[in-house]
**Student:** 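Take this structure first; my questions come after.
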2 protein chains.
Amino acid sequence: MENDPISRYRRFSRAVTRQVGALDQSFLGRGRPLGAARVLNAIGQGRCDVADIRTYLGLDSGLASRLLRSLEDEGLIETRTHPDDGRRRIAKLTATGRTEFNAYENLSDEAADRFLSDHPAPDALLEAMDLIATAMNRHAVAIERVDPTSGDARYGLERYYAELARRFEEGFDVSLSCDPEASDMVPPRGAFLVALSDGLPVGCVGLKGNGSTLGEVKRLWVAPDARGAGLGKRLMAAIEDEARALSMDTLRLDTNRALPEAYELYMRNGWTEIERFNDDPYPDFFFEKRLV
Amino acid sequence: MENDPISRYRRFSRAVTRQVGALDQSFLGRGRPLGAARVLNAIGQGRCDVADIRTYLGLDSGLASRLLRSLEDEGLIETRTHPDDGRRRIAKLTATGRTEFNAYENLSDEAADRFLSDHPAPDALLEAMDLIATAMNRHAVAIERVDPTSGDARYGLERYYAELARRFEEGFDVSLSCDPEASDMVPPRGAFLVALSDGLPVGCVGLKGNGSTLGEVKRLWVAPDARGAGLGKRLMAAIEDEARALSMDTLRLDTNRALPEAYELYMRNGWTEIERFNDDPYPDFFFEKRLV
DNA sequence: CCATTTATCTGACTTTAGTCTGATAAAATT
DNA sequence: AATTTTATCAGACTAAAGTCAGATAAATGG
């Protein structure tokens with residue numbers, strides 16, 4: 001065989017196609033066509049809006065309607081009209097539907113567990129999977145405002161701190177840095193954003209405020225896997241929007257010489273280098289931007 | 001989202017399912033149902049035996065027959081009866097069939113290329129893909145006898161030498177080691193085996209002979225991704241079979257202290273440590289095994 | 001040589017997926 | 001208030017996938 005990139009990609013593609021096919025087969029074992037199973041799964045995942053289900057699964061409206069009807073006849077879901085819009089419909093699992101949904105979930109979970117536990121180095125495998133999934137989702141990264149103490153925020157921050165510790169010559173200990181209070185990064189004082197790639201945090205940024213029109217951008221991080229797609233720029237634009245919404249007119253931030261790509265990002269996006277404005281031991285450079 | 005192993009696996013699974021689905025969609029663009037396209041692809045890949053195609057694609061005999069007929073009607077394949085067994089049939093691409101097969105190949109290649117060239121670090125991506133594909137194929141590794149100068153053999157040997165260079169304290173330079181002549185690892189003097197995981201070399205082993213009943217096992221290597229599945233043991237058993245087939249009765253080998261897992265493998269599989277029998281600078285341990 | 005097995009094929013049939021048209025009713029627009 | 005748009009649904013239809021029961025002919029095993 002050739003071992004050029006395309007052959008290697010295609011070998012990967014064959015392997016996962018087989019794996020995906022095997023899972024579909026196991027889904028059929030529950031005596032329901034795949035189409036109906038997919039709709040049930042979409043609803044179980046919390047997609048209740050019928051139009052949403054339709055676009056998510058790429059279904060024709062007639063087909064979607066029939067699949068919903070078949071699930072309803074089985075007693076797995078209930079539909080009712082949307083409270084705000086009488087044309088739209090909402091689907092919800094019944095108790096038996098929940099049970100059946102869980103059965104599908106278990107099939108998926110078991111397939112995952114079987115694969116991972118069969119391997120001597122599951123951590124390496126998972127890192128490879130994250131890398132690939134992030135690459136495949138790279139044009140569908142969603143930025144969401146979350147509480148800085150939420151699981152997703154903490155996950156991002158931990159990876160951020162770990163990376164600083166690796167990259168700073170002097171290491172990094174968050175307790176020595178001026179770690180903002182969580183309450184300063186929650187509206188109405190500030191905000192905290194995470195970038196999610198199909199649920200996995202691949203970036204974050206915080207906005208620390210004190211009630212005045214001056215804000216400070218903190219904790220900008222983009223996961224290594226997700227770099228090169230302009231996510232840093234998107235996060236900065238999003239946090240500036242948050243600042244504007246909080247009536248701020250000036251933002252500041254600091255950064256370290258071990259993070260040249262951050263320095264470049266600020267330079268390219270309207271930030272001006274200014275004098276040191278704090279006595280945090282880590283930063284080497286200080287920036288300001290006036291919002292318009 | 002949860003970031004436990006199973007959620008991460010399932011996120012990966014969602015991403016590749018989408019990707020695979022998109023490729024299938026592009027296949028449909030050639031105006032042929034997926035089933036027929038799959039059969040055409042199987043034949044193009046060299047699966048000519050109808051029974052083989054059927055089991056490979058998991059098709060009912062009736063369905064397979066009809067799909068073959070439709071491809072034949074399109075003038076893409078020709079079938080004839082097997083020369084050794086009048087019941088079996090052989091399918092072969094016609095010239096137009098070859099063209100059409102290449103068109104599908106191009107669609108796949110383009111999808112691969114689009115994905116890889118869209119990413120800032122395709123090498124990391126490919127390594128991750130190799131890791132995952134090897135893990136998914138781990139129970140389907142084929143051992144084949146090849147010429148030690150073939151591409152697959154050289155690929156394995158290069159990775160083997162690179163690993164020795166990493167692991168030996170003193171480094172490794174193959175020109176300083178007693179590198180066997182390729183002709184000593186080809187029947188009737190010797191043999192060379194590679195382990196292929198869906199085409200990718202993930203292991204190798206050589207048998208160097210001089211026409212006598214004494215042989216030497218050389219270049220045993222198992223790719224890091226493929227370890228932990230007993231492949232080393234399988235390769236050793238296979239090379240012993242080769243030795244027996246060449247009427248050898250005694251095998252020798254040497255190994256280095258930086259490769260403890262190899263030492264353990266030999267100890268567990270009937271090899272006896274003996275005195276140094278060559279003046280190669282690298283090995284620290286010497287083994288012998290009498291074949292029964 | 002004869003019974004059995006094996007590989008393939010054919011035709012009838014069912015299920016699943018997907019498309020298209022028109023109906024209905026609610027919302028949005030004029 | 002009338003018209004248009006939107007979301008859903010139902011029914012008719014087609015295409016594709018899959019199943020099943022023989023039919024056929026070649027190989028195999030006594």
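Note on naming: letters A, B, ... go to the chains in the order of the sequence lines (proteins, then strands), and numbering restarts at 1 for each one.
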**Student:** Could you give all pairs that pass the salt bridge (charged side-chain N to carboxylate O under 4.0 Å, His left out) test and reach residues 61-71 of chain A, with sequence neighbours left out?
**Tutor:** R69(A)-E72(A)
**Student:** Categorize R69(B) for me: base, sugar-phosphate, or nothing, with a 4.0 angstrom heavy-atom threshold over every strand shown.
**Tutor:** sugar-phosphate
**Student:** Is there side-chain contact between R11(B) and T134(A), with heavy atoms separated by less than 4.5 Å?
**Tutor:**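 Yes; the side chains approach each other to less than 4.5 Å.
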**Student:** Check whether any side-chain heavy atom of R54(A) sits under 4.5 Å from a side-chain heavy atom of L63(A), and report yes or no.
**Tutor:** no
**Student:** Send over the distance from R66(A) CZ to dC9(D) C1', rounded to a whole Å.
**Tutor:**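 Rounded to whole Å, this separation is 10 Å.
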**Student:** Quick check: do L200(B) and Y155(B) have side-chain heavy atoms less than 4.5 Å from each other?
**Tutor:**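 Counting from C-beta outward, L200(B) and Y155(B) do come under 4.5 Å.
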**Student:** Taking C-beta and beyond as the side chain, do L67(A) and P33(A) meet within less than 4.5 Å on heavy atoms?
**Tutor:**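 No, every pair of side-chain atoms sits at 4.5 Å or beyond.
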**Student:** Provide, to the nearest angstrom, the distance between the CG atom belonging to D49(A) and the P atom belonging to dT6(D).
**Tutor:** 16 Å
**Student:** Are the side chains of L40(A) and E74(A) in touch, meaning some heavy atoms are under 4.5 Å apart?
**Tutor:**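 The answer is no; the side chains never approach within 4.5 Å.
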**Student:** Does A135(B) have any side chain to side chain contact (heavy atoms under 4.5 Å, CB included) partners at least two apart in sequence or in another chain, and if so, which?
**Tutor:**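 Once residues adjacent in sequence are excluded, the partners of A135(B) under the side chain to side chain contact (heavy atoms under 4.5 Å, CB included) criterion are F115(A), H119(A), L125(A).
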**Student:** Who passes side chain to side chain contact (heavy atoms under 4.5 Å, CB included) against L23(A), sequence neighbours left out?
**Tutor:** S26(A), F27(A), S108(A), A111(A)
**Student:** If a protein heavy atom is under 4.0 Å from the base, mark B; if only from the sugar-phosphate, S; if neither, -; do that for nucleotides 21-30 of chain D going 5' to 3'.
**Tutor:** -----BS---
**Student:** Which atom names give the shortest non-hydrogen contact between D118(A) and R138(B), and what distance separates them?
**Tutor:** O-NH1, 3.2 Å
**Student:** With a strict under 4.0 Å distance from non-hydrogen atoms of chain B, what nucleotide opens and what nucleotide closes the contacted stretch of DNA chain C, reading 5' to 3'?
**Tutor:** dT6(C) to dA12(C)
**Student:** Any donor-acceptor pair under 3.5 Å joining the side chain of R54(A) to the base of dT6(D)?
**Tutor:**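 When only heavy-atom distances are counted, R54(A) does not reach the base of dT6(D) through any donor-acceptor pair under 3.5 Å.
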**Student:** Residues from residues 31-43 of chain B sitting under 4.0 Å of DNA chain D, heavy atoms only?
**Tutor:** P33(B), L34(B), G35(B)
**Student:** Taking side chain as C-beta onward, heavy atoms only, is I43(A) less than 4.5 Å from L68(A)?
**Tutor:**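 Side-chain contact under 4.5 Å: yes.
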**Student:** Mapping Q25(A) and V50(A) onto DNA chain D by nearest heavy atom, which one lands closer to the 5' end?
**Tutor:**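 Between the two, 5'-proximity favours V50(A).
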